[in-house]
Each structure stands twice: as structure tokens, then as C-alpha cells.
**Student:** 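Take this structure first; my questions come after.
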Amino acid sequence: MDFEKRYRILLVDDSELNRSILSDILGEEFEIIEACDGLEAVSYLEQHSAEVSIMLLDMVMPTMDGMAVLDVMNKKHWIDDVPVVVISADHQPENVEKAYRLGATDFIFRPFDSYIVYRRVVNTIMLYSKQKRLEELVTDQVYERSKNNRMLISVLSHIVEFRNGESGAHCLNINTITEKLLTTLIAKTNAYNISRADIPIICTASSLHDIGKIAIPETILNKPGRLTDEEFAIMKTHSMEGAKMLNAVPLGGEEPLIKRAYEIARWHHERFDGRGYPDGLTGDRIPIAAQVVSIADVYDALTSERCYKAAYSHEKALEMIMNGECGQFNPLLLECLQEIAPSLKEDLGKETALFEQTNKDLKNITSELFSNPDLAGSNRSLQLLESEREKFRFFWDKTNEVFFEYYAESSVLSFSHGAAYLVDGGSMIVDPLKPGFFDDRLNAIVALELDKAMSLTSYEYTDFKSEVEWNGAMFRIEGKTVWDFDDDEPVLTSLYGRAYRAEKVGADIYDN
Amino acid sequence: MTIKECYALIGADYEGVVARLCGEARVQKFIPKFVDDPTYADLIKGFDEQNWELAFRAAHTMKGICANFGFTKLQTSSSDLCEMLRPGVYNEAAPAQLEIVKADYAATIDALSKID
């Protein structure tokens, strides 16, 4: 067999002699990385776990022994992707059992036979790479189906944000923080009964946390100064309003996404000591998803500029949250926040493109899928995603604002039904960028703006805004472009956004 | 002396090692490495400094290496020593067992030095 060093073996043994014998057996066909104790192995995995095809692990080593390495690999979930074959002279059954329990794939006793070591390594690598190929196949399918859902959710949350005068990054930031907090939390405790598959659902649901703000008058939302008590009372109704909207989704109550979105919308302003709103829940009576999103929301609000305040620094925001200046939070979550703080500062600085987010979620979904012995689960997940898609179609259809999305590949520009009714024509325009294309419907005007939008945005700066005159009124068009990579070159794959009458932001554009 | 004759001299398992390492070439390649290997020195150091963790680890490594090379006697004596040093079960017979390991090691090294 010839593997042309396509696979990498991490060889962990404190005896140089042992390493050199194994290198000799395997080095011709595999790339070998040697580590002389557990600590070296772990620090290598920290950077390169994705590149290691298999690890050969000695048990008795100084500084950090084989069991401790397995322990760390479990905590960091590397054991899910990196198969471990233990090579040991220790035949004690309790140690063998313990290693298997900690996720070792196989055991080779000394003295070992070179040919058998070689075969076991080959077989283990083949088995894992076969599984990885399958995993990729499913990931691709799931990705295709969920991409559009994410986009529709994103459209919805952007409506809320634009109206609120927030930057388009708010939801993405909350997504990122929520994911980091939850990942850190489930590494600490099982008490909240959250699996890795729940994380992308909660993150997606977090985008809808402020959906109730649609019901709050613009004058209050964007008031530059302090709110009066009366105004604040109205502002506070947004959590309950959001919950009501989500509750009204037909059959939504059974769906995990809607259930989580409901918890988050209703209780993301509750505080651990019961001094939040609307229900004054205390402690863990506040659902964990809402607890996590409330911290993410507060952090992002503090570090962003708003119409009523300047942005605080990362350090200041952290200090204010820790000191309870924004209300009391779950101490365990504050611990998680401290742990992720350095990476937050780094990651939130850069713009996260939507598809990257989606990709990350899918990795979670599929890994959960494959850690389930029953592969039939994959079908069920696809169905779930399909029904989510249906739901977002529902929102899309019910709104009266003009939403549009454009897919570069098919060159189709489509509009929400409300808009199609308004503009007297189909809800779709094929090839809107064709030179010479012109008519005077609003959707056609939007189509003409696309060209400009595409030249003004890039992979780094995805948001665009412009104004056009139509039937004697000013319309504002705003949206976002989505990019993918082809041979490291960013390529525009799609674009979405909305058009509305400039004088009356957020209102139905044909109600007068 | 050939490797085979050397193995016979110390009662080591020549057929076994050739089969395991798939040929005499690899045995020949690694025997000088056994002579230079620091494990024996670590074992002595562990006893000198009463560092029982180091001594256990060295005895354990020695047992594993000898098993691979088919040095049956040294493997048996170091394996016995290893059990006496296993963390938490230090045994007063260990120093006497070390003497046996020392003798087996000396005999092994001596025989290996005679290979042409």
C-alpha cells in the first residue's frame, strides 16, 4: 500500500528507542510527529488536532501520562476526531479497561509485531477517513438546506436591528458569544442538559431575541436621550411581545428552535436575583438559553455604540458585568465569560460572514449526528431543517415590507409576496443584471440598484444602503451580500435586504 | 559473533525478534540504540536518589524494550522489579531484585558488544 505520507501519525512515547522503532516501521508511508511526553502531545494537538490522522500513545510517561492525555482529549472533544491506539507493556486489566473507557480505539501490547502495528494503523486510519467522507457528504446536504433558513432568520433579525439603529453585527456577535459561553458551560457541567446539537439551535434562536421590538414605536426605540419611566415601561414590553409572536407560530410550540426562541425572547431581560423583567424569575428558573443570551446581549450592548451612549472597551464592559452593574448573572456563567474573554476580544473584532457561522453550526450538528450510533438520525435532522425552512417562509410571506434576495448562481431576484402584490408582477425577476433591462416597477428599481450594491460591497464590508426615487417618493434600500470562497478568491453568492419608504421607516409602504 | 549466536549466548529469543521486526536488518539497526539507551541509567539514578517514580518508569520502559528485542532474561527480571516499584506498592525486596537486573543487563550488553 502506498499512502505517500498523506496521513499524519502523532507518536507519543518517552523512550527515544521505542519511538525510533515505530518510526522505522511506519515512517516510510506516513508522516510522523514525535512527542516525548503527554504534555508535548497535548500542546501539539492544541494547534493541529485536525491534521492528526491517528495517535499512538504510550501509557507510562513522565510529566503527563497516557491516561491524563486521554482525559484532556475527552474534555477538548479531540477524541471524537483523533483515533488513539495505546501501545503499552502494561497488561493490568484495570488500566486496559480504563483506557478503553476513555475512548482509546485499540490496544497493542509489547512486544508487538511490526506487521500487526502497521496493519492496525492502516485499518484505523481507513475506517476514520471513510467516516469523515460520509460526514462531509451529509454536511454538504445539510448545509445546502439550512443555508437559506439562516438567511431568512438573518433577514428577520436585521429588520429589528436596522429599525433599532443597531449595527448589523449585533446578532452575529450575540451568536458568537452565545456559542462560546455554551461550549464552555457544557465542558463544566451536565446540569443543564444541553448537548452539542442544542448549541446551534440556541444560537440561531438567539438572533430572534429582540423580535418583539417590532411592536415598539420608533420614537422610543431611537430616542437619543434617557427614556422616561413611561417610555421605559413600553420598551420593556418587547420581551413579552416577542414571546407572543413566537407563540403564535402555528405548531411552533413543538419545535426546539421556536421553543428556545420563545424562552430567549421572553426571559432575556430576567436577572439571577429576580430583579429583571417581565416575570421576575430567579436563579435557574430562568431557562439557561435565556441566561446565556442575556449575558451576550449585555456584553455586546456595552461594547457597541448606541444612539444614547458611546461604546465601552472590552475590559470596561467585562468589569461592569462582573461587578453586577448590569444586574446579577449566574456565577457559573460569569466564570465561563471570564474564560472566553480573551478570545471574545479577538473574534468579535472581525466581521463574521454568515456562511462561516453556518459552517460551524453544521460541524456541530453532524458530529452530534455521528456520535449517535443510529445513522437514521440524519434523515430526521434533514426533515427538521426542512420544517424550519417552512416556518421562515411563513414569516417571509406574512410581512408587508419589501424583502428581496438574489442568488448569483441562478441569477434570480425574488421578492416577498407583499412586495410582489404591490409592484404588480411576479415575485421573481430572472437575470436582473442583463444590460438594457428596464421597467418602472419598484422591484425593477431594486434590481437596478443591485449592480451598484455589488460593486460597493466586498467580503470584508458586506452591508450596503442606497436611496432611489419611485412614484414621487424616496425609498431606502439596504441589505447585505454573502460571499463564498472559490480557490481562495471571495465570490459573491447571494444578496438580501429590504426596501422601504424613507419618511416612514418600518411602516408598510403601501398603507397610504 | 553473529546476532544469532549472541542471542543464543544470553538465552534470548532470536526467532521471535526477527519475526516481530520483520527481518534481521531492523534488529541489526536497533541493537546499537539499545546499548546507548538511557533507560538503564535512569533506573540506577532512580534508586540512587530514591526517586521511586523515576525507577518505576525506567523499569517499565526496560521491560517493554526487552520484550520487543526478545531479551527474555532481562525482560523477566525488570518486569518483576517493575511490579515491586509500582506506585503505592514499594516492596523491600526491590534492592535485591535490582542486583539481578544489573547482572542480566551486564550480561546482555557484554554479549551485544561481541557482535561483529
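By convention in this document, chain letters (A, B, ...) are assigned in the order of the sequence lines, proteins followed by strands, and residues within each chain are numbered from 1.
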**Student:** Under 4.5 Å between any side-chain heavy atoms of A:S88 and B:H60, yes or no?
**Tutor:**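 Answer yes - side chains close enough.
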
**Student:** For atom CG of A:N190, decide whether the heavy atoms of other residues, nucleotides or ligands shown that lie under 6.0 angstrom number more than 12.
**Tutor:**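 No, CG of A:N190 has 12 or fewer neighbouring heavy atoms, counting only those of other groups under 6.0 Å.
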
**Student:** Hey, is CD on B:E92 packed in by over 12 heavy atoms from elsewhere, all under 6.0 Å?
**Tutor:**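 No, not enclosed.
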
**Student:** Taking A:S114 for the side chain and B:R20 for the main chain, is one N or O donor matched with an acceptor at less than 3.5 Å?
**Tutor:**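 Pair found, side chain donor or acceptor close to backbone of B:R20.
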
**Student:** Starting at OG of A:S15, measure out to CG of B:D37 and round the result to the nearest 0.5 Å.
**Tutor:**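 Those atoms lie 5.0 Å apart.
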
**Student:** Got a second to check how far B:T39's OG1 is from A:N18's CG, nearest 0.5 Å?
**Tutor:**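 The CG atom of A:N18 is 7.5 Å from OG1 of B:T39, to the nearest 0.5 Å.
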
**Student:** Shortest non-hydrogen contact from A:Y115 to B:C22?
**Tutor:**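 So the two residues come closest at N-SG, 4.1 Å.
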
**Student:** To the nearest 0.5 angstrom, please state how far the CZ atom of B:R86 sits from the CD atom of A:Q92.
**Tutor:**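 It comes to 3.5 Å.
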
**Student:** Less than 4.0 angstrom from a charged side-chain N to a carboxylate O is my criterion; do B:K33 and A:D24 meet it?
**Tutor:**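 No, no charged N to carboxylate O under 4.0 Å.
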
**Student:** Might you confirm whether atom NZ of A:K188 has over 12 heavy atoms from other residues, nucleotides or ligands at distances under 6.0 Å?
**Tutor:**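 Enclosed: over 12 neighbouring heavy atoms sit under 6.0 Å from NZ of A:K188.
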
**Student:** More than 12 heavy atoms of other residues, nucleotides or ligands under 6.0 Å from CD of B:Q50: yes or no?
**Tutor:**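 At most 12 heavy atoms, drawn from other residues, nucleotides or ligands, come within 6.0 Å of this atom.
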
**Student:** Given side chain to side chain contact (heavy atoms under 4.5 Å, CB included), test B:F69 with A:L17 step by step and report yes or no.
**Tutor:** CA-CA 11 Å; B:F69 278 104; A:L17 179 55; 3.8 Å; yes

**Student:** Show your reasoning for whether side chain to side chain contact (heavy atoms under 4.5 Å, CB included) applies to A:I25 and B:R26.
**Tutor:** CA-CA 9 Å; A:I25 297 170; B:R26 207 178 256 141; 3.9 Å; yes

**Student:** Work out which heavy atom in A:V60 is nearest to a heavy atom in B:F56; give both atom names and the distance.
**Tutor:**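 Minimum heavy-atom contact is CG1-CE2, 3.9 Å.
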
**Student:** Considering non-hydrogen atoms only, spot the tightest contact between B:R57 and A:M61 and give its length.
**Tutor:**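 Smallest interatomic distance, heavy atoms only, reads CD-C, 3.5 Å.
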
**Student:** In Å, rounded to the nearest 0.5 Å, how long is the span from OG1 of B:T61 to CG of A:D14?
**Tutor:**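 Answer rounded to 0.5 Å: 4.5 Å.
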
**Student:** As an exercise, state the distance from SG of B:C66 to CZ of A:R110, rounded to the nearest 0.5 Å.
**Tutor:**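 The distance works out to 11.5 Å.
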
**Student:** Select one option (side chain, backbone, both, neither) describing which atoms of A:S20 are under 4.5 Å from chain B's heavy atoms.
**Tutor:**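 Both backbone and side chain.
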
